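Remember, it's a predicted structure, so these values are computed and weren't measured experimentally.
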Amino acid sequence: MVTDTSMGGRAGNLPAEVRSFVGRRQELTEARRMLSVSRLVTLTGVGGVGKTRIALRVARRLHGAFTDGVWLAELSALQDPELLAHEVSEQLKLADTSTRPHVEVLSDYCADKRLLLVLDTCEHLIDECAALARTLLRAASGLRILATSRQPLNIPGERTLAIAPMRVPDSGPAAARCDAVALFAERAAAVVPGFVLSAGNGDAVAGLCRRLDGIPLAIELAAGRLRVLSVEQIVARLDDRFGLLSGGGRAVPGRHRGLRTAVGWSHELCAPGERLLWARLSVFAGDFDLDAVEAVCCDERLAAGEVLELVSGLVEKSIALREENAAGVRYRLLDTIREYGRDWLDALGERRTMLARHRDHYLRLARRCDEEWCGPDQVEWRARLTREHANLRAALDFCFATPGQVRVGVDLAGTLWVLWAACGLAREGRHYLDRALVLDRSPGPVRAKAVWACGVVAITQGDFDAAETLAAECREHAADGDVAAAARAAHVSGLAAVYRGDLAQGASLSRESAELYRLSDDPGTGPLIVMVNQAMALTMMGDFDGAVTVLEEHRAECEKHGELWTRSYSDYVRGLAELGRGRTASAVSYGRASLGVRRQLGEIVGIAASVDLLAWAAAADGEAHRAARLLGAAHQVWRAIGLPQVGCPELIAARDRSELAARGMVGDRAYDAAFAEGTELTFDEAIAYALGEDGTAARPPGPALLTPREREVAELVAEGLSNRKIAERLYVAKRTVDAHVEHIFAKLGFTSRTQIAAWVTGRRTGAE
């Protein structure tokens, strides 16, 4: 199940092409041919040769062949091998929160899928990528993997395609038509409007491309120099640069010479401030914004007032890439450029200092989010944490890999509880929090908060035993007079009790936790969370009026702060309470309010729960087809989460009751057909359907559930055609038509083709 794009249709996460693709026809054809006969194809070659661009172009061309999508996992920023499967799952939008081994979850998910997975930049995780590919390919016969790496994965069945530099003939008309020259001309025209190849510059361009060994990145960097130099001047200066690289015992291997020349020369042409900034930017993982650059890179050697001009200079020289989206302007370095900058940072002796400053910046960001989360900017904060995920992960990795920094890592991991608990990254949060708590056992408020965060995440995963162990440690901290730790201990124990089914205990602990939070120095969102848990327990105990009293108080607090996240949970529980009171219209209203906010926040567990609630309300209101369809849609989301109803027995029972009620109203065949339709909805379609935004809520359920193809088949049945004749007319297999007819029977409640014909005739005359 794919949570952002699809629940069964074609989907994917390939980035848009922002620059034109030039040449490489032979490589594209061969890569596609290899993928048609092998389930693992690895594109190999030196840095800057274009492996990623070719892989993405191949993937785009093959998108239509994979019913479950084409997905990119870009691995260059990932340093912790243990998070490889997690990263791939995250890119697949697989929101699993269970405690099962992640490779097992991935294998189960892919088992019945037909999808293409692009693993980009595998060389620094080569053994882990090979093991993951081997496991997934064994588990999923419909899976294809296209990898890029500087070396093969070396597993059985792998086909490798060595991506060579672009070929450049020696001279003459053929040289002007080659890919390398065409690439230079394309990029040159972007730098110098009106630039065209001509008889006057063609030989010089071809010579330049030869000198750069036909490596695309080197050619693009050289094209950027046309802002200040002619092609002939670039060639002359490159000749001097070659002498430096190959003389004095500093020979460079042939395939690396052109790239080293272009990158090194670009570095020499930078102003001193640009060189220093280039080196310092190498500590960023993924992309970054100007505020982060100023916070991390500026000091007495690099004034904040200079940064904008220096960044602009690096963009003009194609060292930094500028990307603009709804969030604003961000920048990034290509891997090869980052590696060069990192080498210079090492030579300057600044690497550890800059990594610490990078970490400190993102710790400040995490603390601001923690302080401001209980407020009106939760949607923006969630988006910001998601954008900075790679840098936050890099900051944690630095802490846990560097002597003397682990304590700060404990602080950062605990402070990032919002990222783990509210942004769908429970598995990754558990990884870092478990690691932090093992590596540093120093008592105090920092550890107490990390222990609490780990307990909350453990409950999200259904690991209630671990949560209780962590709550017990919180109580130990509370013994030293830490009121916040006492509140957190009751918080975790109360959540665990409710989701285990110990409702009276859960309600009591949650009430106690709310009171303690209010006595602490900084209650934050804590009391709001536990108030919802208290109301949940009361609702499940049948005390609907008591639950509503708590929820009304909770809503008033949320409105005071402008808070949305816990309010969406409050609206969900209010929907459950209203359903218990027999007020289905009110339950639908609260359920949709909850779902609308959860869609804004991208809160996957909450979305699944809200869709379930709306299904239960539909069943209670006699809308069996709608209930079945919503249950099918929710089933797909829970399948991705890996822990239906977060393991809560009361919620599981409620879902089972609604299914039985819907089946009893329409029968097994009609229920199963509607349920299957729900599983086929895309994620956005499912939410729109649940919210009534697609206009189907008020329609008669039967006809609305027919797909366009099923309506087409029904029309042909009405013409008196047999299933075999319909198959011939539609150019499909007869068994496909058989299945469509069975679905029509089930959805419309019919038992004969005559009834289908009458229904079609009625629709034509407007009488149905």
Side-chain angles (χ1 to χ4, degrees), residues 1-2 6-11 63-69 108-115 140-143 615 623-636 639 659-660 662-682 685-686 689 694 696 699-765 767-768:
M1 169 1 253
V2 178
S6 169
M7 287 187 180
R10 285 177 176 80
H63 194 275
F66 293 91
T67 53
D68 294 295
D108 286 351
Y109 170 73
C110 293
D112 61 349
K113 300 293 188 296
R114 179 171 175 77
L115 63 83
S141 60
L143 173 68
E623 296 183 78
H625 287 87
R626 183 172 183 82
R629 206 177 193 202
L630 287 169
L631 286 169
H635 169 77
Q636 288 297 88
R639 185 180 173 208
E659 177 181 337
L660 285 173
R663 284 187 184 276
M665 282 184 270
V666 296
D668 289 342
R669 262 203 324 181
Y671 176 89
D672 290 339
F675 184 91
E677 286 239 339
T679 66
E680 293 171 3
L681 293 172
T682 68
E685 287 170 350
Y689 181 73
D694 63 343
T696 62
R699 298 183 199 162
L705 285 178
L706 291 192
T707 66
R709 177 63 96 182
E710 286 165 356
R711 290 195 290 271
E712 186 177 14
V713 169
E715 293 278 348
L716 296 174
V717 168
E719 291 180 21
L721 298 183
S722 67
N723 286 4
R724 187 173 299 282
K725 289 294 185 183
I726 294 172
E728 292 173 0
R729 178 80 64 89
L730 298 179
Y731 300 98
V732 297
K734 177 180 175 296
R735 65 177 179 275
T736 301
V737 176
D738 293 340
H740 285 316
V741 172
E742 283 295 314
H743 288 164
I744 293 167
F745 281 147
K747 291 178 181 182
L748 301 184
F750 296 160
T751 58
S752 72
R753 299 171 80 87
T754 303
Q755 287 175 300
I756 294 176
W759 178 78
V760 170
T761 302
R763 291 187 71 223
R764 289 171 180 166
T765 60
E768 84 279 16

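Shown here for A633 and L681, the closest heavy-atom pair between the two residues is CB-CD1, 4.5 Å. Looking at every heavy atom in both residues, Y671 comes nearest to V666 through N-CG2, 3.8 Å. Contact record, A627 with A662: CB-CB, 4.4 Å, taken as the closest heavy-atom pair. The two residues A615 and L630 make their nearest non-hydrogen contact at CB-CB, 3.6 Å. Smallest separation of non-hydrogen atoms from H625 and A674: O-CB, 3.8 Å.
The side chain to side chain contact (heavy atoms under 4.5 Å, CB included) test applied to L730 returns R709, E712, V713, L716, I726, V732, not counting sequence neighbours. In this view, K734 and D738 satisfy the side chain to side chain donor-acceptor pair (under 3.5 Å) rule, not counting sequence neighbours. Residues passing the side chain to side chain contact (heavy atoms under 4.5 Å, CB included) test with S141: none are found, sequence neighbours excluded.
With respect to the salt-bridge test (charged N to carboxylate O, under 4.0 angstrom), the residues R663 and E659 qualify. For the pair R114 and D68, the salt-bridge criterion is not met [side-chain N within less than 4.0 Å of a carboxylate O].
Remark: N723 CG to E728 CD distance equals 11.5 Å, nearest 0.5 Å. Summarising the geometry, atom CZ belonging to R729 is positioned 5.5 Å from atom CD belonging to E719; distances are rounded to the nearest 0.5 Å.
Among Q636, R639, R629, the single residue meeting the side chain to side chain contact (heavy atoms under 4.5 Å, CB included) criterion with T679 is Q636.
Between the R753 side chain and the G720 main chain, no donor and acceptor come within less than 3.5 Å of each other.
R626 is listed as a side-chain neighbour of Y689, based on a closest heavy-atom distance under 4.5 Å.
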